[in-house]
Amino acid sequence: RENLNKLSFQNEKLKLVIGFISPHLNFSEISSRIKQYIPSDTKLILASTAGELCTFDQTNPTQRLYMDAPDIWDNIVLSGFSSYMIESIHIETVDLATNEVGSIDEKVDIITNRVKNIRVPFNINSSDTLAYTLVDGLSASENFFMEAIYKSAKFPCLFIGGSAGGKLDFQNTYIYNDSRVVQNSAVVTFIKFSQNINFGIFKSQNFSKTDTSFFVIESDPFNRNVKTVLDKDGISTINFIDALCNHFNCSPNELPQKLSNYMFGIEMNNEIYVRSISNIDIENKLIYFYCDIVMGDKLYLLKQEDFIRRTEDDFRKFSSTKKSKPIGAIFNDCILRRLLNANKLSGLQIFNDIPLIGFST
């Protein structure tokens with residue numbers, strides 16, 4: 001409780017607390033205790049994580065942005081936002097129809113109808129409002145949910161966030177929506193900032209597009225795997241694993257090692273969106289992803305770049321367009337950035353003078 005007092009502001013009310021909790025802790029119990037100890041009118045949004053990020057020790061010049069996540073860890077990171085920063089908050093929880101039978105279109109329609117029922121009690125403007133969004137990381141429904149958001153055409157603001165993380169056994173993820181713990185859901189916190197507060201969206205990924213791409217023919221978006229792609233002759237189909245083995249001139253057993261410095265991505269409006277591999281099933285000749293891939297997607301082979309240099313370059317470019325230094329930040333960071341750069345994490349120090357929390361999603 002003493003640590004929670006650090007969230008208080010001297011002359012302003014504590015309006016919102018956002019936080020992330022190790023999956024090795026009792027999420028429900030901790031959520032309830034934090035809610036009990038903060039002011040009753042303060043909103044609380046929490047998610048389980050696959051690792052936490054934090055730079056709140058401003059006295060330590062060599063602090064680690066990425067907090068340690070060994071076999072078992074017990075970190076909790078919290079960030080408070082005052083009434084000086086935030087004018088209004090509204091929280092909605094949307095069931096993602098994960099247990100309802102149906103095609104992709106049917107599921108999207110179900111979620112769309114639920115989204116259309118959302119009533120935000122203040123005007124939404126893209127310049128002062130954002131929708132901080134947390135999705136059950138095991139629902140496999142992030143794309144379905146965002147498609148429903150677009151189809152509803154209700155919310156003229158950015159949706160920013162990530163998927164609740166957990167242990168790498170992929171058994172449970174949790175979100176706390178200010179009143180209860182939910183699963184198989186998306187929790188959207190509509191935040192309207194005060195007139196004197198501006199926000200910006202920073203994006204960085206340490207991969208660049210190569211000249212190699214694959215046109216997806218057979219995929220299972222529910223189980224998030226790809227089976228076949230168009231052969232390089234442009235006429236016939238070929239198993240995706242076989243196509244990659246041909247490209248790298250290797251056997252299927254050698255493929256995971258060959259891909260260790262590569263990832264895949266799709267391109268939209270000249271922007272690359274990474275599609276990360278979760279598993280290569282050599283026996284059944286399937287490649288699984290952390291995001292659903294559909295027939296017709298063009299998957300570019302991406303080459304890994306230096307993690308620290310690319311992140312620092314991207315942030316300097318982002319900062320050059322701003323008139324002042326950030327007063328804080330929330331990071332939503334892919335778990336693979338942590339896993340693929342484990343020996344470099346301590347070297348990323350460009351954010352050390354910005355109070356921020358975040359999570360591996």
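Source: prediction; values computed, not measured. All values below were derived from every heavy atom in this structure, side-chain atoms included, with hydrogens, water molecules and symmetry-related copies excluded.
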Mind checking whether I201 and Y273 sit in one hydrophobic cluster, side chains of I, L, V, M, F, W, Y counted as touching below 4.5 Å?
no
Kindly indicate, with the supporting measurements, whether the criterion side-chain contact (heavy atoms from CB on, under 4.5 Å) is fulfilled by L301 and S213.
CA-CA 6 Å; L301 188 66; S213 62; over 6 Å; no
One pair to check against side-chain contact (heavy atoms from CB on, under 4.5 Å): S79 and I357. What are the steps and the verdict?
CA-CA 7 Å; S79 185; I357 64 168; 3.5 Å; yes
Aromatic contact, F331 with F351 (centres under 6.0 Å)
yes
Please report the closest heavy-atom contact between L134 and I175, naming both atoms and the distance.
O-CD1, 3.5 Å
When you compare the side chains of T228 and E218, does any donor N or O come within less than 3.5 Å of an acceptor on the partner?
yes
D41/K15 salt bridge by N-O under 4.0 Å criterion:
no
Only pairs at least two apart or in different chains count here, so list each ring pair (Phe, Tyr, Trp, His ring centres under 6.0 Å) that has a residue in residues 71-111.
H24-W73
Return the orientation label for the F199 and F193 ring planes: parallel under 30°, perpendicular over 60°, tilted otherwise.
tilted
I'd like to know if the side chain of T173 pairs up with that of D136 as donor and acceptor (distance under 3.5 Å, no hydrogens or angles considered).
yes
Any donor-acceptor pair under 3.5 Å from N206 side chain to E305 backbone:
yes
What are the two closest non-hydrogen atoms of T49 and A47, and how far apart are they?
CG2-O, 3.7 Å
Side-chain donor or acceptor of K227 paired with backbone N/O of I287 under 3.5 Å
no
Note: E92-R119 ion pair, threshold 4.0 Å (strictly below)
no
Passes salt bridge (Lys or Arg N to Asp or Glu O under 4.0 Å), E267 versus K209? Steps please.
CA-CA 9 Å; E267 187 174 34; K209 188 173 71 170; 3.2 Å; yes
Parallel, tilted or perpendicular, judged at 30° and 60°: which one describes the rings of F359 and F20?
parallel
Polar side chain donor-acceptor pair, N5 to S8, under 3.5 angstrom:
no
Please say whether the positively charged group of K35, taken as NZ for Lys or CZ for Arg, lies over the ring of Y176, i.e. under 6.0 angstrom from the six-membered ring centre and within 45 degrees of the axis.
no
Find out if a path of hydrophobic residues (ILVMFWY) with successive side-chain heavy-atom gaps under 4.5 Å connects L16 to L7.
no
Between M263 and L340, what is the shortest heavy-atom contact and its length?
CE-CD1, 3.8 Å
For the backbone of I89 and the side chain of K192, can you confirm whether one donor and one acceptor N or O come within less than 3.5 Å of each other?
no
Which atom pair, heavy atoms only, marks the closest approach of V216 to V229?
CA-CG1, 4.2 Å
Could you tell me whether F155 and F190 have their ring centroids closer than 6.0 angstrom?
yes
Determine whether a donor-acceptor pair (N or O, by modelled atom type, separation under 3.5 Å) exists between the side chain of T311 and the backbone of F307.
yes
So, are R114 and D95 salt-bridged, with charged N and O less than 4.0 Å apart?
yes
Show me the side-chain donor-acceptor pairs of residues 159-171 shorter than 3.5 Å, one per line, residues at least two apart or across chains.
residue	atom	partner	partner atom	Å
S163	OG	E142	OE2	2.5
D169	OD1	Q171	N	3.3
Q171	NE2	D169	O	3.1

Sequence neighbours left out, what passes salt bridge (charged side-chain N to carboxylate O under 4.0 Å, His left out) with E147? Give chain and number order.
none
Less than 4.0 angstrom from a charged side-chain N to a carboxylate O is my criterion; do E52 and R64 meet it?
no
Does the side chain of S127 come under 3.5 Å of the side chain of N125 through a donor N or O and an acceptor N or O?
yes
Are L14 and Y37 in one and the same hydrophobic cluster, where Ile, Leu, Val, Met, Phe, Trp and Tyr link if side-chain heavy atoms are under 4.5 Å apart?
yes
Filter on salt bridge (charged side-chain N to carboxylate O under 4.0 Å, His left out), then keep only pairs touching residues 286-301, sequence neighbours left out; what's left?
R224-D292
How would you list, by chain and number, every residue that makes a ring pair (Phe, Tyr, Trp, His ring centres under 6.0 Å) with Y290, sequence neighbours excluded?
none
Testing the 3.5 Å rule here: is there a donor-acceptor pair between the side chains of Y66 and D333?
yes
Which atoms form the tightest heavy-atom contact between I272 and Q205, and what is the distance?
O-NE2, 2.8 Å
Partners of Y132 by ring pair (Phe, Tyr, Trp, His ring centres under 6.0 Å), sequence neighbours excluded?
none
Under the salt bridge (Lys or Arg N to Asp or Glu O under 4.0 Å) criterion, do D306 and R310 qualify, and how do the steps go?
CA-CA 6 Å; D306 183 86; R310 177 64 185 270; over 6 Å; no
Between D281 and E283, is a side-chain contact (heavy atoms from CB on, under 4.5 Å) present by the stated rule, with each step listed?
CA-CA 6 Å; D281 184 346; E283 182 178 352; 3.8 Å; yes
Ionic contact status for K317 with D314, cut-off 4.0 Å:
no
Output for pair (F145 CZ, S139 OG), nearest 0.5 Å, gives 10.0 Å
Do side-chain atoms of D242 reach the backbone of I238 as a donor and acceptor pair under 3.5 angstrom?
no
List the steps, then state whether side-chain contact (heavy atoms from CB on, under 4.5 Å) holds for L356 with L65.
CA-CA 9 Å; L356 71 84; L65 169 67; 3.5 Å; yes
Taking side chain as C-beta onward, heavy atoms only, is F144 less than 4.5 Å from I104?
yes
Flag yes if F9 and I45 sit in one hydrophobic cluster, no otherwise; membership is Ile, Leu, Val, Met, Phe, Trp, Tyr, and two members link when side-chain heavy atoms are under 4.5 Å apart.
no
Examine F315 and L348 and state if one hydrophobic cluster contains both, with Ile, Leu, Val, Met, Phe, Trp and Tyr joined whenever side-chain heavy atoms are less than 4.5 Å apart.
yes
Would K322 and F318 count as a cation-pi pair here, with the cationic atom under 6.0 angstrom from the ring centre and within 45° of the axis?
yes
Hey, does the side chain of N26 reach the backbone of E29 with a donor-acceptor pair shorter than 3.5 angstrom?
yes
Tightest non-hydrogen contact, residues L138 and N172, listed as CD1-N, 3.4 Å
